[in-house]
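Worksheet: one structure, shown below.
First the proteins, then the strands, lettered A, B, ... as listed; each starts at 1. As the structure is a prediction and not an experimental result, all values here were calculated from the model. Hydrogens, waters and symmetry mates are skipped; everything else that's a heavy atom, side chains included, is used.
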Amino acid sequence: MPVTPLPAEFFDRHVTQVAVELLGKILVRRSREGVTAGRIVETEAYLAQADTAAHSAVGINRKNATMFGAPGHAYVYTIHARQCFNVVTQPRSAVLVRALEPLQGLDLMAARRGTQVLRDLCRGPARLAEALDIGRECDGWALTSGRRLWMEPGAETDAPQRECLVSTRIGVTSAHKLLLRFHTPDSLFVSGTKTLNTKGSYAFSQWQRRTKKGDFT
DNA sequence: AAAACGATCTACT
DNA sequence: GTAGATCGTTTTG
């Protein structure tokens, strides 16, 4: 099968649009050890404007410089001694990939994670980064070359896709009221509590109607 | 030099 | 549900 990564144009759109459309796409990592891949089931958007939780909000520095660059590049940061993977969309904005449904290279993921529990392999941003061996050295990589790290369209399905759900972001301490977390309904591989993912979430169409123009609360 | 701070995770009630 | 671990980076004295 030829590798057909999502092109740069896919990422060169508003960050919330990309965050939603990434649900169902496949994140693939090819390393010396082998190929690992999973279906994206949870994302968060970090805005270029009016979002104090975005790393770009403090201005450019050595760690966050990738966020100020071209769309379609990996932005990897360290927190609590762990790594988290984002993709840059329009400048100063990025999508944090928070959870995957593991699809390929399960044994390799399990070895890297130190657990056999399928649900624990990629549920949470630092967990999926560890499972796919995405480290700080991946920061700034272009995701469009299809060499070591890229995104692919999801498998075609006959079943009509249910719309995604929207909630507040997890773990952020500022701008915590913004509704910028998106997840696939009923997936076992989404992080967060059951309450947040059901009662605490809105239907996408409802959110879209509320979100007239730049108001993401 | 010490303390505080996270876009987190795990283990344990 | 929540306390504690974790560690690189930034802030404070």
Side-chain angles (χ1 to χ4, degrees), chain A residues 11 14-16 18-20 22-23 27 38 40-69 73-102 109-140 143 164-183 188-201 216-217:
Chain A
F11 301 102
H14 194 270
V15 61
T16 54
V18 177
V20 170
L22 276 178
L23 295 174
L27 176 62
I40 297 171
V41 295
E42 181 184 356
T43 59
E44 281 177 0
Y46 288 86
L47 309 177
Q49 307 287 347
D51 182 2
T52 51
H55 287 174
S56 54
V58 298
I60 192 168
N61 59 45
R62 211 191 47 195
K63 284 190 319 191
N64 68 12
T66 302
M67 268 189 93
F68 291 76
H73 289 245
Y75 169 52
V76 182
Y77 67 87
T78 304
I79 186 165
H80 291 93
R82 288 151 210 275
Q83 315 281 100
C84 296
F85 166 77
N86 308 247
V87 55
V88 177
T89 62
Q90 288 170 339
R92 309 204 313 285
S93 61
V95 177
L96 170 66
V97 178
R98 286 195 55 91
L100 306 176
E101 173 184 345
M109 289 186 190
R112 287 170 177 159
R113 290 276 303 112
T115 177
Q116 298 273 20
V117 180
L118 184 62
R119 188 158 181 264
D120 289 345
L121 294 181
C122 300
R123 189 181 47 139
R127 287 169 168 169
L128 75 87
E130 184 174 38
L132 272 57
D133 190 30
I134 299 172
R136 252 309 257 173
E137 68 278 7
C138 306
D139 182 65
L143 300 177
C164 72
L165 297 176
V166 185
S167 75
T168 54
R169 296 175 294 187
I170 291 179
V172 301
T173 54
S174 62
H176 62 281
K177 287 186 301 190
L178 301 185
L179 297 170
L180 292 173
R181 171 175 174 265
F182 307 93
H183 75 274
L188 291 173
F189 301 97
V190 172
S191 75
T193 64
K194 190 166 209 164
T195 305
L196 177 64
N197 293 336
T198 55
K199 292 177 228 168
S201 296
F216 298 101
T217 63

NA contact type, A/A53, heavy-atom cut-off 4.0 Å: base, sugar-phosphate, or nothing? base
Would A/R169 pass as a cation-pi partner of A/Y46, given that its NZ or CZ must be under 6.0 Å from the six-membered ring centre and within 45 degrees of the axis? yes
OP1 or OP2 of B/dC9 under 4.0 Å from side-chain N/O of A/R123: no
Nearest listed nucleotide, side chain of A/K63, among C/dT10, B/dT8, C/dC7: C/dT10
Between B/dT8 (P) and A/R181 (CZ): distance, integer Å: 11 Å
Round to a whole Å and report the spacing from CD1 of A/I170 to P of C/dG1. 13 Å
Specify the separation, in whole Å, of atom CZ of A/R113 and atom P of B/dT8. 14 Å
Under 4.0 Å between a Lys/Arg side-chain N and an Asp/Glu carboxylate O for A/E130 and A/R82? no
Separation of C/dT6 atom P from A/I79 atom CD1, nearest Å, is 17 Å
What's the closest nucleotide to the side chain of A/Y77 if the choices are C/dT6, B/dC9, B/dA7? B/dA7
Please report, rounded to the nearest Å, how far the P atom of C/dC7 is from the CZ atom of A/R136. 18 Å
Report the nucleotide, chosen from B/dC9, B/dA7, C/dT6, that has the shortest atom-to-atom distance to any side-chain atom of A/A126. B/dC9
Would you mind reading off the distance between A/Q83 atom CD and B/dC9 atom C1', rounded to a whole angstrom? 14 Å
Residue matched to B/dC9 through Watson-Crick or wobble contacts both under 3.5 angstrom: C/dG4
Parallel, tilted or perpendicular: which fits the ring planes of A/H55 and A/Y77, with parallel below 30° and perpendicular above 60°? perpendicular
Sub-3.5 Å donor-acceptor pair from the side chain of A/R136 to the main-chain atoms of A/V76, do we have one? yes
Atom-pair distance (CZ on A/R62; P on C/dT10), nearest Å: 7 Å
I'd like to know if the side chain of A/N61 and the backbone of A/N64 have a donor-acceptor N/O pair within less than 3.5 Å. yes
Distance test, side-chain N/O of A/H55 to OP1/OP2 of B/dA7, below 4.0 Å: yes
Rounded to whole Å, OH of A/Y46 lies from C1' of B/dG6 at a distance of 11 Å
Suppose we define a pair by two distances each less than 3.5 Å, Watson-Crick or G-U wobble; what does B/dA2 pair with here? C/dT11
